[in-house]
Amino acid sequence: MEESVFQNYLKSDTLFKKNRDILRPSYIPENLPHRDYQIDQLASILATALRGDRPSNVLVFGKTGTGKTAVVKFLGKEIKKSSDEMGTIDYIYLNCEVVDTQYGVLANIGNRFISDWEEQIPFTGWPTEKVYNMLKEKMDSKMRVAVIILDEIDKLVYKSGDDVLYHLSKINDDLTQAKVSIIGISNELKFTEFLDPRIKSRLGEEKMVFPPYNAEQLRDILMQRAELAFREGVVEPSVISLCAALAAQEHGDARRALELLRVAGELAERNHEDKVTETYVYKAKNKIELDCVAEVIRTLPTQSKLLLFGMILNEEGGREKLNTGDVFSTYKELCKKTGVSVLTQRRITDLISELDMLGIIHARVISKGRYGRTREITLSVPIMEAKKVLEEDDIIKELYGQKIKIQATLDYMPRT
DNA sequence: TGTCCACTGGAAGGGAGGGCTT
DNA sequence: AAGCCCTCCCTTCCAGTGGACA
């Protein structure tokens with residue numbers, strides 16, 4: 001009997017139950033283990049809204065994967081259920097990493113109050129003041145309590161200052177009918193330092209901190225999800241414990257733990273295993289780390305790719321510690337060879353900082369006394385992997401087979 | 001002790017590219 | 001079409017600096 005090429009893959013799909021999204025971070029389960037206290041606390045604040053009053057503004061702090069977003073979204077669902085008969089509560093969720101400008105935030109919120117058949121606020125074009133007025137007007141057209149959630153609020157402040165928060169936090173003074181309360185979610189405790197003191201106090205009427213999960217708590221979370229996502233007997237308890245332990249080492253990140261388990265499952269499935277074993281957890285750990293780096297590099301703008309490529313060539317050429325001057329001159333060389341326009345050194349220092357923040361390189365400022373002050377730069381990703389990804393870029397591809405002066409004394413020919 | 005290197009990183013602003021209004 | 005607005009990417013200009021060396 002002829003077998004289709006997919007046959008193997010189709011029949012091997014036996015590890016997961018039908019819905020593997022259960023292991024993805026976007027999935028909000030029916031109950032959230034070990035977050036009862038936080039749920040109660042936030043619920044008691046938000047309950048005010050059900051009575052038609054304005055709940056206090058809240059700032060929620062906690063590292064990634066501690067359940068902040070999950071709890072807030074979970075309560076959003078609950079509050080909608082309870083308020084359906086009245087229909088007076090708007091629960092608006094906004095991720096400030098995606099929408100990170102003052103205009104963007106105002107326009108986004110505004111559009112939630114504008115029905116589909118009406119004209120929306122365009123994503124650019126209007127004066128900000130006009131967007132703000134529109135938002136106010138639409139919001140105020142009806143008695144309602146609006147709860148606005150600004151996830152990753154620190155990104156917003158970092159990128160575009162605190163003007164938006166100033167506007168939003170004093171919007172209640174301008175509204176006659178509607179009431180607004182803001183829930184800010186942040187990874188960083190200290191982001192409030194950058195805020196104007198008035199905004200800081202208005203925004204932080206209530207504060208909550210989500211502690212990291214410990215290994216035991218992570219295990220409970222994983223158990224709960226694994227039961228839903230995997231077929232019976234596919235995942236050993238020891239595998240769950242391992243995922244929990246690994247994630248606990250990384251500041252108790254539940255997202256990471258779930259990802260480990262999911263990827264381990266997927267890898268095992270691909271190899272036609274009938275069980276997920278600990279080996280696959282370690283494999284998953286590796287894969288996740290590499291995929292993450294690869295994705296970051298892949299989406300870099302061309303200029304940064306050239307810059308990074310230059311650093312790699314230098315390191316291959318035997319230099320481990322680079323400084324800004326070296327990197328800049330190699331970069332200029334690469335630009336010349338590829339016909340890409342050369343950016344100024346000032347701009348390049350910014351790009352270097354960016355690469356540093358992304359964790360691709362490590363750059364720190366040092367002083368070499370008589371010989372000036374500069375950054376000392378080392379790569380912090382495996383060279384082979386990074387090169388493989390960079391080679392996907394057509395512009396980088398051109399460089400292979402060419403002689404490149406990476407330092408005053410050294411010619412170098414990139415090799416695959 | 002002062003000098004002076006090779007930068008760092010802030011400030012200001014240009015201009016392209018998105019869009020709106022009149 | 002002209003005249004706005006907002007954001008992003010970039011340039012120009014420049015004061016500031018840690019510490020090896022004379």
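Hydrogens, waters and symmetry mates are skipped; everything else that's a heavy atom, side chains included, is used. Note on naming: letters A, B, ... go to the chains in the order of the sequence lines (proteins, then strands), and numbering restarts at 1 for each one.
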Hey, are A/R256 and A/T64 close enough side-chain-wise for a donor-acceptor pair under 3.5 Å?
no

Residue A/E216 excluded, over 12 heavy atoms near CD under 6.0 Å
no

Distance, rounded to the nearest Å, where A/D350 contributes CG and C/dC13 contributes P:
17 Å

Salt bridge (Lys or Arg N to Asp or Glu O under 4.0 Å) evaluation trace for A/E205 with A/R54:
CA-CA 12 Å; A/E205 290 168 340; A/R54 185 186 83 84; 3.1 Å; yes

Under 4.0 Å, heavy atoms only, any strand: does A/T374 hit a base, just the sugar-phosphate, or nothing?
sugar-phosphate

Whole angstrom value for the distance that separates C1' of B/dG9 from CD1 of A/I348
15 Å

Tell me: CD of A/Q303 to P of C/dC8, nearest whole Å?
18 Å

B/dT21, OP1 or OP2 - any side-chain N/O from A/W126 closer than 4.0 Å?
yes

State whether the distance check finds a donor on one side and an acceptor on the other, under 3.5 Å, for side chain A/T124 versus base B/dG19.
no

Start with the C-alpha distance between A/R24 and A/D21, add both sets of side-chain angles, then the distance that settles salt bridge (Lys or Arg N to Asp or Glu O under 4.0 Å), and finish with yes or no.
CA-CA 5 Å; A/R24 291 188 191 277; A/D21 289 344; 3.3 Å; yes

Can you measure A/I366 atom CD1 to B/dA6 atom C1' for me and round it to whole angstrom units?
11 Å

OP1 or OP2 of B/dC7 versus the side-chain N and O atoms of A/S367: is any pair under 4.0 Å?
no

A/L351 CG - B/dG9 P separation (whole Å):
14 Å

Are any of the side-chain heavy atoms of A/Y91 and A/K77 separated by less than 4.5 Å?
no

Could you please spell out the steps behind the salt bridge (Lys or Arg N to Asp or Glu O under 4.0 Å) verdict for A/K136 and A/D140?
CA-CA 6 Å; A/K136 249 178 0 200; A/D140 219 9; over 6 Å; no

Starting at the 5' end of DNA chain C and moving along, which residue's nearest nucleotide shows up first, A/G125 or A/D100?
A/G125

How many whole angstroms separate atom CZ of A/R373 from atom C1' of C/dG16?
8 Å

On DNA chain B, more 5' by nearest nucleotide between A/K130 and A/F123 is A/F123

With a 4.0 Å limit, can you tell me whether A/R347 has a side-chain N or O closer than that to the phosphate oxygens OP1/OP2 of C/dC10?
yes

Of the listed nucleotides B/dC20, B/dG9, C/dA20, the one nearest the side chain of A/V365:
B/dG9

Base, sugar-phosphate, or nothing for A/N323, non-hydrogen atoms under 4.0 angstrom?
sugar-phosphate

Compare every heavy atom of A/P122 with every heavy atom of A/A107, then report the nearest pair and how far apart it is.
CB-O, 4.4 Å

Rounded interatomic separation in angstrom, taking OH from A/Y371 and C1' from B/dC4
12 Å

Of the listed B/dC20, B/dC4, B/dT8, the closest approach to the A/T349 side chain comes from B/dT8

Whether the side chain of A/T48 engages the backbone of A/D53 through a donor-acceptor N/O pair (distance < 3.5 Å, no angle test) should be reported.
no

Heavy atoms only, 4.0 Å cut-off, all strands: where does A/T128 land among base, sugar-phosphate and nothing?
sugar-phosphate

Where along residues 339-346 of chain A does a heavy atom come under 4.0 Å from DNA chain B, residue by residue in number order?
A/Q345, A/R346

Expressed in angstrom and rounded to an integer, what is the separation of A/L106 atom CG from C/dC6 atom C1'?
12 Å

Tell me whether the side-chain N/O atoms of A/R375 come closer than 4.0 Å to OP1 or OP2 in B/dA6.
no

